[in-house]
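What follows is a set of notes on a single structure, which appears directly below.
Just so it is clear: chains get the letters A, B, ... in the order the sequence lines come, proteins before strands, and each one is counted from 1. Small disclaimer: the values here were computed from a predicted structure and weren't measured.
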Number of protein chains: 2
Amino acid sequence: MPKIEDVAAKAGVSVTTVSRVLNNRGYISQATRDKVAQAMKELNYQPNEMARSLFRKKSNMIGLIIPTVSHPFFSELVYHLEYYADQKGYKVLLCNSNRDISKERKYIDMLKKNQVDAIVMGSNVQDVKHYLNLNLPIISFDRTVANNIPIVTSDNYTGGRLASRLLVDKGCRKLAHISGGVGGPNHAALLASKRFQGFRDELPDTGIEHVSLELEITGLGDKRNVDELVRFFQEHPDADGVFATSDVLAALVIQACHQLKKTIPQEMKIIGYDDVGIASLVWPRLTSIRQPIREMSECAIELIAKLLQGEEVSMINSFPVTLIQRDTT
Amino acid sequence: MPKIEDVAAKAGVSVTTVSRVLNNRGYISQATRDKVAQAMKELNYQPNEMARSLFRKKSNMIGLIIPTVSHPFFSELVYHLEYYADQKGYKVLLCNSNRDISKERKYIDMLKKNQVDAIVMGSNVQDVKHYLNLNLPIISFDRTVANNIPIVTSDNYTGGRLASRLLVDKGCRKLAHISGGVGGPNHAALLASKRFQGFRDELPDTGIEHVSLELEITGLGDKRNVDELVRFFQEHPDADGVFATSDVLAALVIQACHQLKKTIPQEMKIIGYDDVGIASLVWPRLTSIRQPIREMSECAIELIAKLLQGEEVSMINSFPVTLIQRDTT
DNA sequence: AATGATGTGTCAACCGGTTGACACTAAGGG
DNA sequence: CCCTTAGTGTCAACCGGTTGACACATCATT
C-alpha cells in the first residue's frame with residue numbers, strides 16, 4: 001500500500017503539496033496537480049480513509065440495525081438505504097439484531113466504537129436510556145423511540161383503515177387480523193400496532209366483528225406457521241376477510257386458504273401490507289397496502305445528512321400509504 | 001467522547017497502563033485492573049476502533065459486494081454472512097452493485113480506501129485485472145474470477161441434472177429452461193451456467209427436447225416479466241416441464257401458468273432453484289434445488305479468517321445441492 | 001545480600017494523513 | 001520599486017491509541 005509519502009517522492013514534491021492537491025486547498029499550479037495525479041495513478045494510490053477519518057472525526061459511515069435482512073421488507077429497505085447513502089458518500093455497516101435486545105445493544109456499542117457518524121434503527125428500541133447519551137444522530141425507522149429521536153414512518157393508521165374499509169366494501173362479514181413478525185413479536189413501540197388501531201376504528205358502525213391472531217413466525221418456510229393459521233380458520237369458519245400486517249403473513253394466509261379449499265377472493269378476501277416483491281409473486285396476486293419504502297429510505301438518509309450538518313429536522317416524517325388492488329380482494 | 005487519557009486521569013494511572021489493561025499485556029495487578037475498569041465504566045469509555053485499526057493495520061471489516069440485497073437469494077446470503085462475520089468479530093460493509101461494472105469498480109476502490117481486510121464478491125467479476133493487484137484477500141461467491149481467488153459455490157452442474165432428471169422421471173415430454181437475473185443478464189463467468197449444462201446433459205438419451213428463454217428481469221413486481229413468459233409458453237404450447245434457474249423466476253412461471261390456465265403439476269411441472277423463503281410461500285409450494293446458503297456463508301467467512309491468518313485455503317469450495325420436492329412437480 | 005519476577009511510570013516513535021504557521025521565490029501590477 | 005498574489009517547501013502538532021525501551025520500585029526467594 002503506497003502512502004502519501006511515496007506519492008510525494010515520485011512526483012518530486014512535498015507531502016504537504018500532495019495533501020493540498022488531495023484536499024483542494026491553498027494555491028497549486030496545474031502543472032503540479034498533473035504531476036501528482038500522474039504519480040498517484042502510477043502507484044495506484046488511494047488515500048487511507050481511516051487516517052483521514054481519524055483526523056476529521058468523521059467516518060462517513062452509518063450503521064444500520066434491523067431485525068433481519070432476510071425479511072423482504074427489510075431487504076428492500078436496506079437496498080434503498082444503501083443506494084441513497086452511497087449517493088451522499090456514506091458507507092453502510094449492516095447489523096442483523098434478530099430483535100434480540102442484548103445483541104442490539106452490542107451492535108450499538110460496536111457502531112459507536114467504530115465511529116459511525118449516525119445510526120438508523122429499524123429494529124426494536126426498548127431501553128431508551130441506552131440511546132440517549134449516545135452523542136451521535138440516531139434515526140428510527142417505523143418505531144417510536146423517544147421524542148428527541150427523529151422517526152421515519154408511514155401512515156400506519158390510515159393503512160389499517162384502508163384495509164378494513166376495502167374488506168367491508170367488498171362485503172366481508174367477519175374479519176381476521178393476523179399479525180406477527182420474524183424473530184419475535186411486535187411490541188407496542190412498533191408503530192405497526194397503529195395498523196390494528198386503524199383497522200378496528202373502521203368497523204364499529206358496520207356491525208362487523210373481528211378476530212385476531214398473533215403469529216410467532218418461526219422462519220419463512222416453516223410449515224407450522226401455515227398449520228397454525230389453518231387451525232385458526234377452522235375455529236373461525238365464518239371469517240371471510242383477512243388483514244395481514246405483512247405480505248409474508250398474507251402469503252401464509254393464502255396457503256392456509258388453499259389447504260382449506262377456500263376460494264380467493266370469493267370465499268375469502270385477503271389484504272397484505274408493505275407491497276414488497278412477494279405481493280406480486282404469489283397467486284392470486286396480493287392486494288396490499290403499499291409503504292413507499294424507496295421514498296422513506298431517501299428521507300432517512302437526507303435526515304442524517306442534515307443532522308450531520310447541524311441542521312434542524314422534523315421529528316416525525318410520515319409518508320402516505322396507498323392501496324394496491326390486485327386479485328385477493 | 002472520552003479518550004484513553006481521560007480514563008488514565010480518572011483512574012489515577014498512566015495512559016500506558018490503561019492501554020496495557022485494554023490489551024492484556026505486561027504485568028498488571030488486579031487492583032489496577034479494577035480501578036481502570038471502574039473509570040471506563042464511569043466515563044462510558046469505548047476505545048476508538050479507528051485509531052486502533054490504523055495502528056494495527058487491520059480494520060476487522062469485510063466488504064460485501066452483491067448485485068442487490070433485494071433479491072431473496074442475496075438477502076439470505078447477506079443475512080448469514082453477517083451472522084458468521086459477527087461471530088468472528090468482523091463487521092460488514094454492504095454494497096449493491098446492480099451488476100454495474102463501473103459501480104462495482106468504484107465499490108472495490110472504496111472498500112480498499114476504507115481498509116477493509118477482505119472482500120466477498122457475490123456480483124459479476126468481469127475485468128479480472130482490477131482485482132488481482134489488490135493486495136487483500138478476495139473470495140468469490142458462486143462466480144469464477146481467476147484461479148488464484150478462492151471461490152465458494154455449490155454443485156450447479158448436479159443441480160441442473162437433478163432438475164432435469166426429476167422432470168423426466170415425472171413424465172415430461174418437452175422441457176423449458178428459464179434463466180435470467182435481476183439487474184442484468186447472467187454471463188458465462190457465472191457458475192449458474194453450469195446448471196444449464198447439467199440440465200442438458202441429462203436429456204440426450206431420453207429423446208426429450210428442450211427450449212430456453214433468457215428473461216431480462218425488470219423488477220420483481222413488473223407484470224411484463226409474466227407477459228413475456230406467457231408469450232413464450234404460447235409459442236411452445238407442448239412444453240410440460242420447466243426448470244427455472246431461481247425460485248423468483250419459478251414464481252413468475254407459476255403466474256404465467258395460472259394465466260394460461262395450465263394446471264400445476266398436472267399439465268405443467270415446475271422446478272426452481274435456490275430454495276429460498278419464497279419457494280414455500282407460493283402456491284403450489286415450489287419444488288426446488290436447495291443451495292445450502294447458510295453453510296456456504298459460514299465457509300466464506302472461515303476462508304476469510306484463514307486467509308487473514310496467512311493460512312492456505314482450498315481454491316474451490318463446492319457444496320452439495322439437494323432436491324426439495326414440494327407440490328409443483 | 002543478591003536475584004528475579006512483578007507492577008507501574010516516562011518517553012518517544014509510530015499508524016497515515018491533515019493543517020496551520022511561516023519562509024521563500026517568482027511574477028505581475030501600479 | 002514596492003506590494004500583492006501565486007506556488008511550494010519545512011516543520012511541528014494533531015487525531016486516538018499502541019508499543020518497545022528503559023527506569024525504578026516492591027516483594028519474595030535462595
Start with the C-alpha distance between B:Asn48 and B:Lys3, add both sets of side-chain angles, then the distance that settles side-chain contact (heavy atoms from CB on, under 4.5 Å), and finish with yes or no.
-> CA-CA 8 Å; B:Asn48 183 327; B:Lys3 28 159 84 181; over 6 Å; no
Give the rounded distance in Å between these two atoms: CG of A:Asn60 and C1' of D:dC15.
-> 16 Å
Between B:Lys57 and C:dC15, is there a side-chain N or O to OP1/OP2 distance below 4.0 Å?
-> no
Picking from D:dT19, D:dG17, C:dT19, the nucleotide nearest the side-chain atoms of B:Arg56 would be D:dT19
Tell me whether the OP1 or OP2 atom of C:dG17 has a side-chain N or O from A:Arg52 closer than 4.0 Å.
-> no
Give B:Val13 one of three labels, base, sugar-phosphate or nothing, depending on what nucleic acid heavy atoms sit under 4.0 Å from its own.
-> sugar-phosphate
Considering only side-chain heavy atoms of B:Ser29, which listed nucleotide, C:dT8, D:dT18, D:dC14, is closest?
-> C:dT8
Has B:Tyr45 got a side-chain N or O lying under 4.0 Å from the OP1 or OP2 atom of D:dG17?
-> yes
Between A:Leu43 (CG) and C:dG16 (P), how many Å, whole number?
-> 15 Å
Distance in angstrom units between B:Met40 CE and D:dG16 C1', rounded | 14 Å
B:Arg33 has an atom CZ; how far is it from atom C1' of C:dG7, in whole Å?
-> 11 Å
Between C:dG7, D:dG16, C:dG17, which nucleotide has the shortest distance from any of its atoms to the side chain of B:Thr32?
-> C:dG7
So what does B:Arg20 touch, heavy atoms closer than 4.0 Å: a base, only the sugar-phosphate, or nothing?
-> base
Gap between atoms CD and P, on A:Glu5 and C:dC14 respectively (whole Å) | 10 Å
For A:Ser14, which contact category applies under a 4.0 Å heavy-atom criterion: base, sugar-phosphate, or nothing?
-> base
Map B:Thr16 and A:Gln46 onto DNA chain C by nearest heavy atom, then report which one ends up closer to the 5' terminus.
-> B:Thr16
Look at A:Lys306 together with A:Glu302 and state whether they make a salt bridge at an N to O cut-off of under 4.0 Å.
-> no
B:Asn23 side chain near D:dT18 phosphate (N/O to OP1/OP2, under 4.0 Å) | yes
State which of C:dT19, D:dT18, C:dC15 makes the closest approach to the side chain of A:Lys3.
-> C:dC15
Which pair of heavy atoms, one from B:Val69 and one from A:Ser75, lies closest together, and at what distance?
-> O-CB, 3.3 Å
Heavy-atom closest contact (A:Ile138 atom, A:Pro150 atom, distance) | O-CD, 3.4 Å
Any side-chain N or O of B:Arg25 less than 4.0 Å from the OP1 or OP2 oxygen of D:dT18?
-> no
Mind checking A:Ser19 for me? I need base, sugar-phosphate or nothing, with any heavy atom below 4.0 Å counting as a touch.
-> base
Counting side-chain heavy atoms from CB outward, which of D:dG16, C:dG17, C:dT8 is closest to B:Tyr27?
-> C:dT8
Answer yes if the side chains of B:Asn23 and B:Arg52 hold a donor-acceptor pair under 3.5 Å, and no otherwise.
-> yes
